[in-house]
There are 2 protein chains.
Amino acid sequence: MTELDITIDRSSPIPLYHQVASAFDKAIREGVLPPETKLENEISLAKRYNLSRPTMRQAMDQLVRDGLVVRRRGVGTQVIGPPVRRNLRLSSLYNDLQDEGAAPQTRVLSLETVTAPEPIREKLGLGDGAEVYHLRRLRLVDGRPLALMENWLPVTLAQLTREDLEADGLYNLLRRAGVDFRMAHQRVGAAVADEEQASQLKVEAGSALVVMERTALASSGAPIECGRHVYRADRYAFDITLMN
Amino acid sequence: MTELDITIDRSSPIPLYHQVASAFDKAIREGVLPPETKLENEISLAKRYNLSRPTMRQAMDQLVRDGLVVRRRGVGTQVIGPPVRRNLRLSSLYNDLQDEGAAPQTRVLSLETVTAPEPIREKLGLGDGAEVYHLRRLRLVDGRPLALMENWLPVTLAQLTREDLEADGLYNLLRRAGVDFRMAHQRVGAAVADEEQASQLKVEAGSALVVMERTALASSGAPIECGRHVYRADRYAFDITLMN
DNA sequence: TATGACAGTTTGTCATGACATTTCGAGTAA
DNA sequence: TTACTCGAAATGTCATGACAAACTGTCATA
């Protein structure tokens, strides 16, 4: 039954419930509120921070959705541990690697504009003869190859250059160009490496590869970009946290 | 700007916001509300169904989280079309297959109680010498093998029999036994089939397999069950819908 | 001792009201 | 014609109040 010392800035443009949720989120991840800790009840908490109960509840709701606490009617709210891994995000490999302190490198194998082939046109909902970028990249970490990435996206979205692509991830570039992602459908499967993949990834032909196909969608639901990535199975896997 | 004919039962134990959300969910998935459709504003909707605005908002919030609609301040709420695939759920393969109309079968290869080996003890947070079920199953669909599944769980959780396991999925059995899941960590990767896996799954040795390792957690955050499943890559992949 | 009823605590649901912020289009002025 | 201003419309945020439902522990009773 630990209390938390939170300062709330009512003049801030950040919503109150978000300020509260962030503070608790931080405290839980940092261990200030260890697992099993029972929180005060909503009413007291609201009073403590001079908030209304709905606002306090909104903050708690977010913590529940993020999988940091559990609420049980008639019982109360409890911190659940161990510190959950962050959920799979719509950020792509580049950020994931950066976050882990690794030094990702990118080698652009090819970057060309082509008229979109049928399957791509369908995936991206494009008309006949639409122009798309077709790019193939090799991702290395610590100098060792990790993934082969192939992507397609409309040329109208952004101006892509080899230099930009070698300096930053595709998604970061697009985001900076004003493209706002909201969702992505992914399919994760497996395959064995063919001769070319094997030589690029420095593995033996017949080795296991993780295959990921992704279609990214804008907030309108319109497809923006699609791609197919293959990873060395001995160096990469997808972590997913499911909640119901 | 289509209106929806919803009947709301205020005497039902199902919360009002859930009734509304379900109705819209259904209508969107069935195409009654096609993509791009602009919904009425919250106030009118609330009035139309005799609800308060917060309740209506709560329903809309759920639709947003499920990725069915987008809301933009100052603009309104728009349908973004039925997700191509249902989101990956904490239900496991059995239900997924059932939902798709397939006829899953299970063959129990082995079911034994053993003292938990070290790595399992650690994964499940068990003490020294704890007893666990160790079960290996083969899942078939339409009579053809799809997956090899290996699971461990404390014997204290439920009473497992071969008959039960062949008749239903593990998770359904546990749920019926009163176990409540809340979360699961999954790791999806790839491997190539060894001799034994190949013969069980009726593929050639060296074929690609999708590997999934999962640890299921109770609402308290305590681990309940862990397992390692391998799927034929030519017949299975994981679909994931990401949102940010 | 064991069982069942009851009361207290806590979250879940719902209503009403108010103001803030963002977006977009219409109208106006240069 | 173009650019700017302003207001309408819609969602976002927050407060207050009330009752319902679920869980827990206690106390009385068989």
Side-chain angles (χ1 to χ4, degrees), chain A residues 1-3 6 8-24 36-65 68-80 178 180 182 218-220, chain B residues 1-3 6 8-24 36-65 68-80 178 180 182 218-220:
Chain A
M1 195 65 100
T2 318
E3 290 91 22
I6 299 178
I8 288 178
D9 178 6
R10 295 190 86 91
S11 68
S12 160
I14 299 171
L16 302 183
Y17 70 87
H18 193 270
Q19 293 184 37
V20 177
S22 305
F24 275 88
E36 313 274 309
T37 308
K38 190 154 174 280
L39 265 48
E40 268 181 286
N41 69 62
E42 300 176 346
I43 317 270
S44 322
L45 281 174
K47 201 169 293 176
R48 178 181 299 279
Y49 304 124
N50 285 310
L51 298 168
S52 71
R53 191 182 159 211
T55 304
M56 198 63 219
R57 269 188 76 76
Q58 208 173 348
M60 288 300 163
D61 279 344
Q62 187 168 324
L63 294 177
V64 170
R65 276 198 299 278
L68 293 170
V69 305
V70 182
R71 284 192 293 189
R72 268 163 53 214
R73 179 188 293 200
V75 179
T77 308
Q78 257 189 326
V79 177
I80 65 177
D180 77 315
R182 186 116 334 170
S219 57
S220 63
Chain B
M1 195 64 102
T2 317
E3 291 91 23
I6 299 177
I8 289 178
D9 178 7
R10 295 190 88 91
S11 68
S12 160
I14 299 171
L16 302 183
Y17 70 87
H18 194 271
Q19 293 184 37
V20 176
S22 305
F24 275 87
E36 312 275 308
T37 307
K38 191 154 174 281
L39 264 50
E40 268 183 286
N41 70 64
E42 300 175 347
I43 318 270
S44 321
L45 281 174
K47 201 168 293 174
R48 177 181 301 278
Y49 304 123
N50 285 310
L51 299 168
S52 71
R53 192 183 159 208
T55 304
M56 198 65 220
R57 268 189 76 75
Q58 207 172 348
M60 287 299 160
D61 278 344
Q62 187 167 325
L63 294 178
V64 169
R65 276 198 300 277
L68 292 171
V69 303
V70 180
R71 284 193 292 189
R72 268 161 53 216
R73 178 189 292 202
V75 179
T77 307
Q78 260 189 324
V79 177
I80 64 176
D180 76 319
R182 186 113 342 166
S219 56
S220 61

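Chain naming here is simple, since letters A, B, ... match the order of the sequence lines and numbering starts at 1 in each. Scope of the values below: all heavy atoms of this structure, side chains included, with no hydrogens, waters or symmetry mates. Model, not experiment: these values are computed from the prediction.
Rounded to whole Å, atom C1' of C:dT9 lies 9 Å from atom NZ of A:Lys38. Atom CD of A:Glu40 and atom C1' of C:dT11 are 15 Å apart (whole Å). Taking atom CG on A:Asp9 and atom P on D:dC14, their separation rounds to 12 Å, with Å as the unit. The CD atom of A:Gln58 sits 10 Å away from the P atom of D:dA15 (whole-angstrom rounding). Between B:Glu42 atom CD and D:dA10 atom P the separation is 10 Å, expressed in whole Å. Atom CD in B:Gln78 sits about 11 Å away from atom P in D:dT11, given to the nearest Å. If you measure from atom CG of B:Leu39 to atom C1' of D:dA10, you get 13 Å, rounded to the nearest angstrom. In this structure, the CG atom of B:Leu16 is 15 Å from the C1' atom of D:dA18, given to the nearest Å.
Taking the side chain as every heavy atom from C-beta outward, B:Glu40 and B:Met56 never approach each other to under 4.5 Å.
Other residues, nucleotides and ligands contribute more than 12 heavy atoms inside 6.0 Å of the CZ atom of A:Arg65.
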Exercise for review: Encode nucleotides 17-25 of chain C as B, S and - characters from 5' to 3', where the letter depends on protein heavy atoms closer than 4.0 Å: B to the base, S only to sugar-phosphate, - to neither.
Suggested key: -B--BBBS-
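What you find for B:Gln19 and B:Ile14 is that their closest heavy atoms are NE2-O, 2.9 Å. What you find for B:Leu39 and B:Phe24 is that their closest heavy atoms are CD2-CE2, 3.9 Å.
Dashed line: the shortest gap from a side-chain N or O of A:Tyr17 to OP1 or OP2 of D:dC14 is not under 4.0 Å. Residue A:Thr55 places no side-chain N or O under 4.0 Å from the OP1 or OP2 atom of D:dT13. Between A:Thr77 and C:dT10 there is no side-chain N or O to OP1 or OP2 distance below 4.0 Å. Within the 4.0 Å cut-off from OP1 or OP2 of D:dC19, not a single side-chain nitrogen or oxygen of B:Arg10 is found.
A search for salt bridge (charged side-chain N to carboxylate O under 4.0 Å, His left out) contacts involving A:Arg73 returns nothing, not counting sequence neighbours.
Distances were taken from every side-chain heavy atom of B:Asn41 (C-beta onward) to each of C:dT10, D:dA10, C:dC14; the shortest belongs to D:dA10.
No donor-acceptor pair closer than 3.5 Å links the side chain of B:Glu42 to the backbone N or O of B:Arg53.
Among the protein residues, B:Asn50 comes within range of the sugar-phosphate backbone only, with heavy atoms under 4.0 Å from sugar or phosphate atoms but none that close to a base.
Among B:Leu16, B:Thr55, B:Ile6, the single residue meeting the side chain to side chain contact (heavy atoms under 4.5 Å, CB included) criterion with B:Tyr49 is B:Ile6.
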